[in-house]
Amino acid sequence: HLNLFSRRLHAPTSQSPSFGIAFDIDGVLLRGDSPIGGSPQALKRLYYDSATYSISSLKIPYVFLTNGGGVPESKRAEELGKQLGVNILPLQVIQGHTPFRELVKRYENDLIVAAGKGEPANVMSEYGFKNVLSLDEYASCFENIDPLAQYKKWTKMRAVDRQMALTTDPCSQRVRAVFIVSDPVDWSRDIQVLCDILRTGGLPGREIAHQPPIYFANDDLAYQALFPAERLGMGAFRIALESIFNRIHPNNMEYTSFGKPSPFVFKNAENVLTQVLQSAYNNVQAGGETPPLKSLYMIGDNPSVDVKGARQAGHPWFSILTRTGVFKGKENHAEYPADVVVDCVEEAVDYILRKEC
Ligand code: G3P
Ligand code: MG
C-alpha cells in the first residue's frame, strides 16, 4: 500500500522518465561477488523512497547488460538482488547468452551441447531446448575422450544425470550445435571434445564431416574479476579453440559470437528498458503507448566492448566509462573514447541524475 501510495504521490504520468540506464556488471557493479564503486547506493537512487526497492517503486528504468552468465536470468536476478540490496526482475537481466533463446525453434529437439561454468544445460533448458547436455555430461559418455582426466583430481567422472528427452545413448546421437554459454572451466578437455564434435559433424571418434554450428555468448578477450590484472575471457578461449581447430582441420572454424558490442544487443536492451518502464509505471500510466526513451546510458568498464558497443549503436545511446574495471587510465580511452569518464558507478549515476532531473 505504501509503495502504491508513494508512487501515486511522486510519479504521476507526466513525470515518467524519458531515459534509461544499462549497467555492465563485471568491473562496474561487482568484482567477483563483491559490490564495487558504491553500486548498492547507486542503484537505490533509482527508486522512490521505499523499504522494498522493488519494481513498484522503481523511478528510473534500468537493466543489467552483461556479457557474463552461466545461470538462468531468474536465478541471476535473485543473486544480484542479494548482492546489491534491491529487488530485481528477471526481465532486467540481459546476459551474454540471453539471445540464445531466439534459436530454440531451429534446434528444439536436436541434441545440443552447452559448455561453460555454472549451469549451462539448465540455462538452455529454461530457454526451451529439449535435448541438451552440458559438455561435462556429454564428455562423460565417452570413455577415454580426455586422456588427462585421471590427473584432474578436482573432477569426478559422472554418468549423464540429465535424462530429459534423451531417448538414445548420446554417444550415438549427432550433436547438431554447440553453445558456449559461459566461460569454460577445463580448457584442455573442452578444446579436445569440441574439436572432436566439430571435426566429425557431431559424432566424436568418427570420420571427418561437415562442422556443426558453434555459438559463443560473447567474444570478450578479457574481463575484470577480483585479481588486480584482467583475466582471460571467452574471446580468449575462442581464439585458442579456433587456432587449434584450424591447424588440425581442412576448413577454418565457422562460428557466431553474441554479446556486446553487437548493435543487436543494444537494440534489444532499448526494448527491454521500455518494457521495464511499462512494468514500473503500469498502474499510473493513463493508457496508450509509452513514449520512446530519449536517452539511454551505457555504464561500462571495457572500452572495446561497452563503449564501442554504445558508440556503434549511436543515438540515443550515451557511453559512460568507469575506472573500476578493465579501463584504468587517467584520461579517456584513445581508440574508443566514452562520452564521459568517471571513477565509479556511483559517480556515473550521479552524473546522469544531475543531467536528467
Ligand atoms: O565473463 C564475464 C565477462 O566476460 C564480462 O562481463 O558484466 O563486464 O559484461 P561484463
Ligand atoms: Mg565489464
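Any value given below was found using the heavy atoms of this structure, including those in side chains, with hydrogens, waters and symmetry copies removed. When a ligand or atom number is given, it counts from 1 through the structure's own listing order.
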In this structure, CG of Leu198 is separated from NE2 of His210 (nearest 0.5 Å) by 11.0 Å
Within-cut-off N or O pair, Lys117 and ligand 1, under 3.5 Å: no
Please determine, by modelled atom types, if Asp220 and Asn67 share a side-chain donor-acceptor pair under 3.5 angstrom. yes
Go through ligand 1 atom by atom and flag the ones less than 4.0 Å from a non-hydrogen atom of Asn67. 5 (C), 6 (O), 9 (O), 10 (P)
How does Asp183 reach ligand 1, if at all, at less than 4.0 Å between non-hydrogen atoms: by side chain, backbone, both, or neither? side chain
Identity and distance of the protein heavy atom lying nearest atom 5 (C) of ligand 1: Asp220 OD2, 3.3 Å
Shortest protein contact, atom 10 (P) of ligand 1 (heavy atom only): Asp24 OD1, 3.0 Å
Shortest non-hydrogen contact between Ala348 and Ile320, atoms and distance: CB-CG2, 3.7 Å
Tell me, which protein residue and heavy-atom name are nearest atom 2 (C) of ligand 1, and how many Å apart are they? Asp26 OD2, 3.3 Å
Under 6.0 Å from the six-membered ring centre of Tyr53 and within 45° of its axis: does the NZ or CZ of Lys44 meet both? yes
At a cut-off of 2.8 Å, protein N/O/S around the Mg ion (ligand 2) gives Asp24 OD2, Asp26 O, Asp301 OD1
First locate atom NZ of Lys130, then atom CD of Glu108, and finally report the distance between them rounded to the nearest 0.5 Å. 3.5 Å
Could you label the plane-to-plane angle of the Tyr351 and Phe318 rings as parallel, tilted or perpendicular, counting under 30° as parallel and over 60° as perpendicular? parallel
When you look at Asp350 and Arg45, which way does the salt bridge (Lys or Arg N to Asp or Glu O under 4.0 Å) test go after all the steps? CA-CA 9 Å; Asp350 194 57; Arg45 292 191 63 191; 2.9 Å; yes
For side chain to side chain contact (heavy atoms under 4.5 Å, CB included), just list the numbers for Leu148 and Gln150, CA-CA rounded to whole Å, side-chain angles, deciding distance to a tenth of an Å, and then say yes or no. CA-CA 6 Å; Leu148 305 176; Gln150 59 175 306; over 6 Å; no
Checking the N or O distance criterion of under 3.5 Å, is ligand 1 in contact with Leu65? no
Is there a heavy atom of Lys260 sitting under 4.0 angstrom from any atom of ligand 1? yes
Determine whether the side chains of Tyr215 and His97 contain a donor N or O and an acceptor N or O closer than 3.5 Å. no
Could you tell me if Lys260 and Gln312 have a donor-acceptor pair between their side chains, going purely by distance under 3.5 Å? no
Could you tell me whether Asp306 and ligand 1 have an N or O pair separated by under 3.5 Å? no
Is NZ or CZ of Lys59 both nearer than 6.0 Å to the six-membered ring centre of Tyr47 and within 45° of the ring axis? no
List every atom of ligand 1 that sits less than 4.0 Å from any heavy atom of Ile25, numbering the atoms from 1 in the order shown and giving each element. 7 (O)
of all protein heavy atoms, closest to atom 7 (O) of ligand 1 is Thr66 OG1, 2.6 Å
